[in-house]
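Structure first, then comments.
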There are 2 protein chains.
Amino acid sequence: MNGDAVEIVYRVRTSAEALESRAEALLLEQTVELPRSALRWDFVRREMVGRVVSTAPVGEGEYRVTIEQPEATTGGDPAQLLNVVFGNSSLQPDVELEDVRVPPALARALGGPRFGIAGLRTVAGVSGRALTATAIKPMGLSAQQAGGMCRAFALGGIDVIKDDHGLADHAFCPFGERIRACLDATARAAQETGRRSVYAPNLIGGPSAVMRQAEEARGLGARAVVLSPMVLGLPVVAELVRDLGMVVLAHPALVGVRRIHPEVLLGVLFPLYGADAVIYPNAGGRFSFSRETCAEIARLLRTPRSAIAPAMPVPAGGIRPERVPEVLAAYGADTMLLIGGGLIEPAEDTLVARCRQFAESVQAFGYGR
Amino acid sequence: MNGDAVEIVYRVRTSAEALESRAEALLLEQTVELPRSALRWDFVRREMVGRVVSTAPVGEGEYRVTIEQPEATTGGDPAQLLNVVFGNSSLQPDVELEDVRVPPALARALGGPRFGIAGLRTVAGVSGRALTATAIKPMGLSAQQAGGMCRAFALGGIDVIKDDHGLADHAFCPFGERIRACLDATARAAQETGRRSVYAPNLIGGPSAVMRQAEEARGLGARAVVLSPMVLGLPVVAELVRDLGMVVLAHPALVGVRRIHPEVLLGVLFPLYGADAVIYPNAGGRFSFSRETCAEIARLLRTPRSAIAPAMPVPAGGIRPERVPEVLAAYGADTMLLIGGGLIEPAEDTLVARCRQFAESVQAFGYGR
């Protein structure tokens with residue numbers, strides 16, 4: 001791949017006869033948006049028009065089309081990169097986005113995960129095994145109740161305790177009160193257990209609200225946050241992480257993966273825009289990603305092709321505590337397991353015990369094999 | 001519909017036997033994210049749990065499921081509303097989002113189009129006929145070249161001249177220089193024609209960059225802007241429009257409509273978050289929306305169910321000037337026709353003439369029938 005090109009892989013449904021012209025149209029659609037014959041300007045023809053690198057059949061009437069777009073078309077801007085990758089063509093039903101590779105300078109500009117796997121491990125104080133995580137829910141708990149649940153999770157030894165992504169700045173559970181209660185809960189629990197859980201509040205709202213929440217969370221001593229890139233906007237994440245100084249856990253809300261392959265959205269784009277840990281629906285849970293998709297997301301997060309830090313895969317969504325050994329056998333220990341409902345559903349008074357069981361089964365697995 | 005509930009309509013693929021439990025799971029997934037049996041808190045059961053309003057078969061193994069969620073679950077927040085509407089369930093392959101109806105208070109909080117059809121007509125100085133629009137492209141033009149093209153469009157009598165959505169703050173065409181050149185072009189052309197075209201620069205980037213661009217554009221006298229809500233983030237749009245004071249043209253880049261029906265995303269959500277005019281791919285162009293989809297988007301924009309201003313439908317994408325009468329016959333005059341390539345492709349020296357032809361055929365149609 002050319003050092004200063006963005007390489008993009010599409011899956012295209014077309015015929016062998018139409019393939020060449022379809023690939024040409026796809027190439028031009030994301031940038032100049034005019035047919036080549038209408039490009040009367042030297043600079044445009046020379047600097048703005050990429051090239052079709054290859055086309056290969058992948059099935060009956062289906063082709064993989066690899067395209068290089070000049071880095072200059074992105075203007076080095078996180079939002080404009082999305083246009084170049086899959087702006088207009090997201091509207092064309094015969095095309096899906098399969099992969100994206102950005103050149104080193106652009107990856108450096110975006111910055112990727114600021115903490116990544118190593119930083120998350122440092123913040124959580126965990127090495128030699130997978131990490132555990134859970135979610136405070138349901139929406140409707142008061143700040144005090146959220147703090148109480150957080151305390152149980154912390155006493156049970158969970159590494160990372162995140163807000164559910166739907167916990168907003170609700171009148172019945174204001175943002176500031178909730179994070180005070182939860183940070184306080186983890187601090188007090190640490191006095192009993194000797195180890196402090198990381199509490200990650202959920203940032204949600206328009207950009208000003210999110211920036212304000214981030215500042216408040218940092219001021220109160222939070223070391224991690226949760227956010228949903230597709231809800232907030234991927235460029236908002238890219239800007240937020242610049243001065244954030246806290247670990248970012250990305251939630252897949254609104255990802256709606258049918259047209260952008262989940263591997264590229266969650267495995268490539270989320271970390272590129274700054275997620276340190278990416279939550280995704282595990283196979284066998286209630287969101288129906290295949291085992292292969294999940295394995296590939298984890299692989300992409302851990303071994304980024306760009307010069308950015310590895311990000312932590314966070315399989316989640318319907319994992320039961322008894323399945324921990326099986327899930328870890330599949331993922332290995334550079335993983336943060338997120339169990340929410342599986343801990344909360346049974347009963348209030350077993351919460352600490354179920355957390356302990358979860359924590360212990362991860363501890364027992366260690367680095368595995 | 002309950003006055004203080006958000007009503008959401010999903011299309012669900014399931015069996016008759018599984019329908020009830022699938023609808024219940026869908027209801028709980030967007031808010032409490034726990035089964036009903038695990039909801040041990042009175043407040044949560046009473047205030048956070050919505051209800052399945054109806055289920056109806058719409059085809060073999062396919063049902064329409066209508067759900068009401070309490071307004072309180074949204075916290076009045078534009079971002080959180082997206083979670084409640086289609087956060088987690090966007091990840092479930094058996095569900096598509098078909099419609100959303102927000103209660104009056106939430107619609108007022110979001111605010112919808114600040115100008116809408118009437119404001120856009122005032123700004124453009126057009127009544128009694130459809131509006132014309134075009135796009136400055138390709139990416140790669142210098143600010144001066146963009147200004148030159150803008151001048152030709154303006155001399156040709158186009159009402160609204162927008163930047164292509166891919167024109168970012170590129171080094172070869174800096175944002176400030178481009179809008180100076182284009183605003184200047186429309187002002188000078190107006191001295192010759194007696195009527196000033198509206199130039200709408202494209203705002204793109206992270207939230208700070210977009211806010212900065214908006215301020216610069218306003219300061220220089222721009223009266224409209226283009227932005228891509230799915231690229232920037234819908235909540236960014238909601239925040240931006242609060243003090244924007246310029247007409248917002250929304251571009252459908254990255255919409256990737258397979259899982260969220262285009263009608264609801266472009267026809268309902270885009271205006272709710274503040275778009276005054278919504279650009280969408282017209283039937284018969286290169287993006288394959290059906291005629292019915294396009295008609296429904298236009299209908300939803302013009303007759304919002306919430307107490308927000310009507311927004312202007314902007315069919316675009318591959319419309320040829322010779323098709324104008326046909327397109328207007330289908331849409332009527334409360335429409336802004338956007339033609340870009342169809343004007344630009346033929347040749348530089350016919351640009352003004354082709355614009356005139358476009359403007360005249362819209363003029364000739366007037367209010368139609």
Side-chain angles (χ1 to χ4, degrees), chain A residues 31-35 38-41 43-44 47-48 73 75 77-80 82-83 86-88 90-93 137-141 145 164-166 168-170 172 204-208 228 231-233 235-236 238-239 252-260 281 287-288 341 344-345 348, chain B residues 31-35 38-41 43-44 47-48 73 75 77-80 82-83 86-88 90-93 137-141 145 164-166 168-170 172 204-208 231-233 235-236 238-239 252-260 281 286-288 341 344-345 348:
Chain A
T31 54
V32 292
E33 256 194 75
L34 286 173
L39 300 177
R40 298 182 283 276
W41 308 265
F43 179 81
V44 173
E47 306 287 339
M48 296 289 106
T73 60
D77 179 77
Q80 171 61 7
L82 296 173
N83 271 335
F86 203 48
N88 273 358
S90 75
L91 296 161
Q92 297 175 318
K137 60 182 173 181
M139 179 191 301
L141 299 181
Q145 288 172 322
D164 200 21
H165 68 287
D169 192 10
H170 285 109
F172 50 79
I204 188 163
S208 306
S228 304
V231 170
L232 303 186
V236 176
E239 177 169 329
L254 203 69
V255 158
V257 298
R258 190 76 59 86
R259 299 292 300 286
I260 301 184
F287 296 104
S288 312
I344 300 169
E345 285 168 29
E348 199 76 46
Chain B
T31 54
V32 292
E33 256 194 74
L34 285 174
L39 300 178
R40 297 181 285 275
W41 308 265
F43 179 82
V44 173
E47 306 287 339
M48 296 290 105
T73 60
D77 180 78
Q80 172 61 7
L82 297 173
N83 272 333
F86 203 47
N88 273 357
S90 76
L91 297 160
Q92 299 176 318
K137 56 184 178 181
M139 178 191 302
L141 299 181
Q145 287 171 322
D164 201 20
H165 68 288
D169 191 10
H170 285 111
F172 50 79
I204 189 164
S208 305
V231 170
L232 303 186
V236 176
E239 178 167 328
L254 202 67
V255 159
V257 298
R258 189 77 57 88
R259 297 293 300 287
I260 301 184
R286 64 191 192 273
F287 296 104
S288 311
I344 300 169
E345 285 169 29
E348 200 76 46

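All chains are named by letter (A, B, ...) in the order of the sequence lines, taking the proteins before the strands, and each is independently numbered beginning at 1.
Proximity of a side-chain donor or acceptor of A/Asp164 to a complementary backbone N or O of A/Pro138 within less than 3.5 Å is not detected. B/Lys137 contributes no side-chain N or O that, together with a main-chain N or O of A/Leu34, makes up a donor-acceptor pair within less than 3.5 Å. Remark: side-chain polar atoms of B/His170 are paired, donor with acceptor, to backbone N or O of A/Thr73 under 3.5 angstrom.
Using a 4.5 Å cut-off between heavy atoms, B/Leu39 contacts chain A through its side chain alone, with no backbone atom that close.
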(request) Take B/Thr31 and B/Met48 through the test side-chain contact (heavy atoms from CB on, under 4.5 Å) and record every step on the way to the result. (result) CA-CA 7 Å; B/Thr31 54; B/Met48 296 290 105; 5.6 Å; no
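Of the residues considered (B/Val44, B/Leu141, B/Ile204), B/Ile204 shows the highest number of contacts with chain A, using heavy-atom pairs under 4.5 Å. Among the candidates B/Gly206, B/Gly233, B/Pro207, B/Gly166, the residue making the largest number of heavy-atom pairs closer than 4.5 Å to chain A is B/Pro207. Chosen from B/Ala168, B/Gly205, B/Ala38, B/Pro35, the residue pairing most often with chain A at heavy-atom distances under 4.5 Å is B/Gly205.
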